[in-house]
Structure formats: C-alpha cells, structure tokens
Amino acid sequence: MPVSFLTTEQRSRYGVFNAVPDVAQLGAFFRLDADDRRRAMAANGARNQLGWSAQLGTARFLNCFLDDPEDVPAAVVDYVAEQLGLQAADLKGYGSKEARWDHQEQIRGGYGFTAFAGEQWFALACWLYKRAWTTGERPIVLFDLATHRLVGAKILLPGVTTLERMIAALRERVAARQYALLAAAPSPDQAAVLKNLVKIEQGRRVSRLDRLRKSPTDVSSTGLVKALDRHVELRDLGAAGWDLSAVPPGKIAALARFAHAARAQAVAELTAVADFFTTHL
C-alpha cells in the first residue's frame, strides 16, 4: 500500500489547534493550579513563565508540543496570562528561544508525559501489527486508534509522517505474511491449476475463473447438470484440504470477496505477489 494514506486535510489537522478551545476546554486543560503556577513562576522572566504555562496546557490538550509554541489561539494565551498576572504580549519571541526545549523536558518529567521513542515505539508497533493481522481495518482507522492509545497512555504524539509510515510498513508486513501462508497451502500441482484459472484459453472469451464464478441460472434438468458439474470442478481444485488455520478468517473472507468481484486480470496479479513472498520469505 502507499506510504501516504492520509489526505492533505487530515495531515494538516494532526497535532495542532483546529479550533479555539471553548470555555469548558479552557477550564479542563489550561487552568493552572497552585503547583502549576509555582512551577511556571520558577522560569526566568515573564516570557518564559507564560511560554512554560502555554506549553503545559498544549501538552494536556493536544498530547504533544507544537513546533512553534506560539502557535496557540489568542484565547488560550489570554486565559493563561490572566492567571499569571501577565500580558498576552509577553509571549512574543518565546518560540525562537532555546528555553522552550528545557521547559518541555520539565513538563514531561513533572506531569508524567513520555516521549515516543524506543520502548514506546516498539510497544505500539506490536499492538498495531496484531490489530492489523486480526482485523481488516482501514489504515485511517488504525491511525485514529493508535492516536487514541497514545493519548490514553500520555505518550506524546510523534510526527504525523512517523505514525503514517509505521502503519503503512506494518500493513505491508501483514500482507506479506498473509500471502506467504496462503501461497504455501496448495500443493505445487494445485497451484499450477489455480494459476491457469485466470488465463483465457484459446477460443474462449473469458477465463475459467469467470466461468466458475457464475452459477447456472436456468431452472431445468440441464441447469441441474451444469450446477453439479460446476460443483465437481470446484471440489477438484482441492481447496477443502488446505490448512488455512493460521490465517484469520476475516482475511480469507476479504480475499474471497475480492476474487469473486474483481476482474480475472486483477486476481492474476495476486499470483505474482504470492510467488514473490513464497520465494523470499
């Protein structure tokens, strides 16, 4: 699958303020208690005090820090500044100062936030892989679930590209495992017969697969014979004897729906994928 599956709009809305927080949100995420104010006032100067507090509220609200800490709605700055007895204009220039990095470290350590790295990356990757293997969820659904999981664990959100590429790579690994298992199920002779199903024989207009996908519709003795012949032909493919227990039923069902509806040429392309994974894995 493509590495980039998010739309431009989805990517632009990640990890930023998409709207001005309402009164309830300001009170829930940007309200400073006595300990918060004490920590903020320990910073050097009004600009750093206001910047520290704005970053604390941002981490609580977005579960991440902004590339530019000044990119917060004016209502947020006004709300935080009023609690500190400062002016909103005091924040100007904070985003270009090195102190903002020290403040982020202080907030992570003091409020239980964890950076997305090492152990956290591996744990999320394992969880996403298991989810992708057992379900047929679309990548955007996995993206939303992963974001929700990180927020719940107070693990700061990584960059949008980092998370997007992780999900794309894991889905590719899942597909590789799935195709390798499925390709190994038939015997070599059965695999050869299956590959020939998608070929259009000389003198025919459609492939054998296209013919087998359509059951007889005429209600007559002739139709009954055709249906029985079709049943025998399908049974002789040997699929009933394949051990597919290692592949989640949902994956098999999804492929079956695809093979039933897709053009024979599209199904034929899957044989090349299966051959590759059988050879290389």
Side-chain angles (χ1 to χ4, degrees), residues 1-8 10-11 14 116 118-150 157-199 207-210 212-213 234 237-281:
M1 65 167 291
V3 172
S4 299
F5 54 82
L6 296 176
T7 65
T8 301
Q10 289 169 334
R11 195 173 289 108
Y14 175 84
F116 183 75
E119 181 180 345
Q120 289 71 32
W121 187 100
F122 182 75
L124 181 64
C126 290
W127 183 81
L128 282 171
Y129 182 88
K130 291 177 182 178
R131 185 107 192 178
W133 175 247
T134 56
T135 71
E137 291 164 336
R138 296 179 295 116
I140 184 58
V141 174
L142 291 174
F143 187 93
D144 290 341
L145 289 171
T147 302
H148 181 75
R149 187 176 179 85
L150 291 172
L157 297 179
V160 63
T161 302
T162 298
L163 192 54
E164 190 177 23
R165 287 179 175 175
M166 171 190 278
I167 292 172
L170 291 173
R171 279 173 55 85
E172 286 185 358
R173 291 182 66 86
V174 164
R177 178 184 176 190
Q178 172 185 325
Y179 288 133
L181 290 171
L182 292 175
S187 67
D189 290 340
Q190 290 173 330
V193 172
L194 292 174
K195 290 178 182 179
N196 287 330
L197 287 179
V198 295
K199 295 180 180 179
S207 67
R208 185 182 171 197
L209 173 64
D210 290 324
L212 289 174
R213 286 193 294 195
L234 288 170
L237 294 176
W242 300 342
D243 181 10
L244 302 179
S245 59
V247 183
K251 297 288 186 184
I252 298 174
L255 279 174
R257 289 193 297 270
F258 170 79
H260 185 267
R263 296 171 56 233
Q265 182 181 1
V267 177
E269 293 175 355
L270 290 181
T271 64
V273 175
D275 287 343
F276 174 84
F277 289 124
T278 302
T279 303
H280 293 79
L281 294 181

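What you see is a predicted model; the values in this text were computed from it and never measured.
- R138 CZ: 12 or fewer foreign heavy atoms inside a 6.0 Å radius.
- Applying the salt bridge (charged side-chain N to carboxylate O under 4.0 Å, His left out) definition to pairs two or more places apart or across chains, none involves residues 242-253.
- From R149, atom CZ reaches atom CD of Q120 across 12.0 Å, with rounding to the nearest 0.5 Å.
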For this session: Decide yes or no on side-chain contact (heavy atoms from CB on, under 4.5 Å) for F116 and L157, but give the supporting numbers first.
Result: CA-CA 7 Å; F116 183 75; L157 297 179; over 6 Å; no
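- Taking CH2 of W133 as the reference point, atom CZ of R173 lies at 12.0 Å (rounded to 0.5 Å).
- In this structure, CZ in F143 is found 6.5 Å from CD in E164, a value given to the nearest 0.5 Å.
- Remark: L163 CG to L6 CG distance equals 8.0 Å, nearest 0.5 Å.
- The list of side chain to side chain donor-acceptor pair (under 3.5 Å) pairs with a residue in residues 182-194, not counting sequence neighbours, reads S187-Q190, Q190-W242.
- Closest non-hydrogen pair, T134 versus P248, comes out as CA-CG, 4.2 Å.
- When every heavy atom of P186 is checked against every heavy atom of A191, the shortest pair comes out as CB-N, 4.0 Å.
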For this session: Decide side-chain contact (heavy atoms from CB on, under 4.5 Å) for R171 and I167; before the verdict, give the C-alpha distance in whole Å, the side-chain angles of both, and the deciding distance to 0.1 Å.
Result: CA-CA 6 Å; R171 279 173 55 85; I167 292 172; 4.0 Å; yes
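- With rounding to the nearest 0.5 angstrom, the CD atom of Q178 is 8.5 Å from the CD1 atom of I252.
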For this session: Could you please spell out the steps behind the side-chain contact (heavy atoms from CB on, under 4.5 Å) verdict for R177 and Y129?
Result: CA-CA 11 Å; R177 178 184 176 190; Y129 182 88; 3.1 Å; yes
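- A125 is linked by a side chain to side chain contact (heavy atoms under 4.5 Å, CB included) to W121, M166, L170, counting only residues two or more places apart in sequence or in another chain.
- Between W127 atom CH2 and L150 atom CG the span is 9.0 Å, to the nearest 0.5 Å.
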